[in-house]
Asker: 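Next up is a structure, given as structure tokens.
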Amino acid sequence: MSCDPVSFTLHPPERLSTASLMPITSRPEILFTRGEGAWLFDQSEKRYLDWVQGWAVNCLGHAPAAIAEAVARQAATLINPSPAFYNAPALELAGLLTDLSCFDHVFFGNSGAEANEGAIKLARKWGRVHKDGAHEIITFVNAFHGRTLATMSASGKPGWDSMFAPQVPGFPKARLNDIASVEALVGPATVAVMLEPVLGEAGVLPADDDFMMALRALCDRHGLLMIVDEVQTGCGRTGTMFAYQHSGVEPDIMTLGKGLGGGVPLSALLAKRQVSCFEPGDQGGTFCGNPLCCAAGVAAMRSLAAPGFLEGMRSVGLSLADGLRALSRDLGLGDVRGRGMLLALELGSDTAPGVVERARDAGLLINAPRPHCLRFMPALNTTAAEVAEGLGLLRAVLAG
Ligand SMILES: *Cc1c(COP(=O)(O)O)cnc(C)c1O
């Protein structure tokens, strides 16, 4: 992998070069041309079983009929009347999301980071109006909330505090599953606690249900808002529609992204009525709540909410977790962590990047959030047969 320019030859003959792209990441010399459910195909029609799925974005797999049809229909009907006017898909999606969750109000954005920026603004506004100007939001070591300046500051990724200094102040860091480390940071300026119910980029580290309950109690005791960043864990990924539902607590604010649009850029900020304090002029965005992306969101959320969908997904997810555990036992590897279709395998050594490359050569796409662990994020409608096939490929790569 490198950032040097590469050229691809496509069929019918056409040359495309990477030379005009900003080299923001190093990528393998592969051009993906199409996808079908669990599978991706490259420029030479080699196929790959995809357990990255656009970074946990394609909840229904690649090019699912439900999304393709909804987008095509909406594109031919109305793409964007502007956020200053109502449109039917946005209203329908907002109603679906409030019906499926404990929240009352929705604001749509285009990326997870944008939804989290909105959550930060909403909490700061609430603090100004209801808590004497309190504005600090306690976040967590190794958390990931996005790549805008405020969300990078809220993130606890090592090195991110100085990368584009000065950072946005007001995000003291506690440790996940350590309620005392949260309590120690609470002061008069504290307005909220924000966390991922499963730290995804940190290597799939779940917050314990007990910790979620203790956090809710702490927030109630101190009059703080509980914000869950469910950009990765929401929309069925962990086996319930939203990950906060595992613990039974009700947060005050939630953000969604990734799976919400079934692959199309779409995010959401949700709030309970009593903390939904934005007034006209406080929040907005040119593309926010556009009918094209919201139509995809309606199709995605209807599919996830269909009777039996999440039950089926949970059982296939368990078969993946069981298979990973068997593999770990047989090959002397480490823990299997996570929930639903957000799983990680600890390798016990910093070999994950090499495993990712060899798996890709073998036709399996996986991801290494940390050098010592692999992450698995298949489509939520992947089949038991596809899981078995992927486990076979992974076993051959790890054993080889
Ligand atoms: C991916 C992710 C984000 C950022 O979403 P973008 O769409 O890349 O801006 C924020 N929070 C969590 C937990 C994520 O996994």
Side-chain angles (χ1 to χ4, degrees), residues 22 24-25 51-59 107-123 137-157 160 163-164 168 171 173-174 176 192-207 212 226-238 240 242-244 246 251 253-270 285 287-290 293-294 296-297 300 337-344 367-370 373 375-378 380:
M22 282 194 193
I24 53 126
T25 186
W51 281 358
V52 177
Q53 285 291 347
W55 236 262
V57 159
N58 307 312
C59 54
F107 166 78
F108 292 112
N110 306 283
S111 70
E114 189 182 8
N116 284 336
E117 285 271 344
I120 292 163
K121 285 171 64 175
L122 187 64
I137 300 177
I138 297 172
T139 59
F140 290 84
V141 174
N142 288 323
F144 180 80
H145 297 297
R147 292 179 173 276
T148 61
L149 282 173
T151 56
M152 279 186 84
S153 304
S155 297
K157 271 182 97 135
W160 274 29
M163 209 188 249
F164 301 103
V168 177
F171 299 101
K173 303 288 182 300
L176 194 75
V193 180
M194 172 156 121
L195 83 162
E196 300 158 81
V198 179
L199 261 58
E201 302 306 307
V204 189
L205 306 170
M212 293 291 279
M226 181 174 179
I227 306 173
V228 284
D229 173 351
E230 295 229 22
V231 170
Q232 187 159 150
T233 57
C235 304
R237 180 56 53 187
T238 70
T240 50
F242 307 108
Y244 76 80
H246 288 291
I253 296 173
M254 172 171 79
T255 56
L256 299 174
K258 295 206 162 86
L260 180 60
V264 166
L266 180 64
S267 67
L269 160 64
L270 295 92
F287 294 114
C288 292
N290 71 82
C293 295
C294 287
R337 289 189 298 266
R339 262 172 162 161
M341 291 273 193
L342 181 58
L343 297 168
N367 152 263
R370 302 296 243 208
C373 77
R375 178 170 46 172
F376 309 93
M377 306 170 280
L380 303 185

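In each ligand, atom 1 is the first atom listed, and ligand 1 is the first ligand listed. Only a predicted model underlies this, so the values are computations on that prediction, with no experimental measurement involved. By convention here, the first residue in the shown sequence is residue 1.
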Asker: Considering Glu196, Glu114, His145, which one's heavy-atom position lies nearest to atom 10 (C) of ligand 1?
Answerer: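 Among Glu196, Glu114, His145, the closest heavy atom to atom 10 (C) of ligand 1 belongs to His145.
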Asker: Let me confirm one number: the CG-CG distance from Leu266 to Asn110, rounded to the nearest 0.5 Å.
Answerer: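 Answer for the CG-CG pair, Leu266 versus Asn110, is 7.5 Å.
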Asker: Relative to ligand 1, is Trp55 under 4.0 angstrom through side chain, backbone, both or neither, heavy atoms considered?
Answerer: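 No part of Trp55 comes within reach of ligand 1.
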Asker: For the 3.5 Å polar cut-off, considering only N or O atoms, please tell me whether Phe144 and ligand 1 meet it.
Answerer: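 Yes; at least one N/O pair falls below 3.5 Å.
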Asker: Minimum heavy-atom separation for Cys288 and Phe107, please, with both atom names.
Answerer: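 Between these two residues, the closest heavy atoms are SG-CZ, 3.7 Å.
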Asker: Atom 9 (O) of ligand 1: which protein heavy atom is closest, and how many Å away?
Answerer: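 Checked against all protein heavy atoms, atom 9 (O) of ligand 1 sits closest to Ala113 N, 2.8 Å.
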Asker: In Å, rounded to the nearest 0.5 Å, how long is the span from CG of Leu256 to CG of Asn116?
Answerer: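 Between Leu256 CG and Asn116 CG, I get 10.0 Å after rounding to 0.5 Å.
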Asker: Run the numbers for me: atoms of ligand 1, each under 4.0 Å from some heavy atom of Asp229, listed by number.
Answerer: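 So the atoms of ligand 1 that pass are 10 (C), 11 (N), 12 (C), 13 (C).
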Asker: Provide the closest heavy-atom pair for Leu380 versus Arg237 in the form atom of the first, atom of the second, distance.
Answerer: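 Scanning both residues completely, I find the closest heavy atoms to be CD2-CZ, 3.5 Å.
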Asker: Go through His145 and Thr139 one step at a time and tell me if the side-chain hydrogen bond (donor to acceptor under 3.5 Å, both in side chains) criterion holds.
Answerer: CA-CA 10 Å; His145 297 297; Thr139 59; 5.3 Å; no
Asker: Starting from atom 8 (O) of ligand 1, find the nearest protein heavy-atom neighbour and note its residue, name and distance.
Answerer: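 Result for atom 8 (O) of ligand 1: Gly112 N, 4.9 Å.
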Asker: Test your reading of the model: is there a side-chain donor-acceptor pair from Arg337 to the backbone of Gly203, 3.5 Å cut-off?
Answerer: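 Confirmed, Arg337 side chain pairs with Gly203 backbone.
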Asker: Quick check for you: to the nearest 0.5 Å, what is the distance between Met377 atom CE and Cys59 atom SG?
Answerer: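 The CE atom of Met377 sits 13.5 Å away from the SG atom of Cys59.
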Asker: Going by the atom numbers of ligand 1, which of them fall below 4.0 Å from some non-hydrogen atom of Gln232?
Answerer: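 Those of ligand 1 that fall under 4.0 Å from Gln232 are 15 (O).
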Asker: Given Arg237, Glu201, Lys258, which has its nearest heavy atom closest to atom 15 (O) of ligand 1?
Answerer: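 Answer by nearest heavy atom: Lys258.
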Asker: Which of the atoms in ligand 1, numbered in the order shown and given with their element, are less than 4.0 Å from a heavy-atom of Ser111?
Answerer: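 Contacts of ligand 1 toward Ser111, numbered from 1: 7 (O), 9 (O).
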Asker: Using a strict 4.0 Å cut-off to heavy atoms of Asn116, name the atoms of ligand 1 that fall inside it.
Answerer: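 Every atom of ligand 1 under 4.0 Å from some heavy atom of Asn116: 10 (C), 11 (N).
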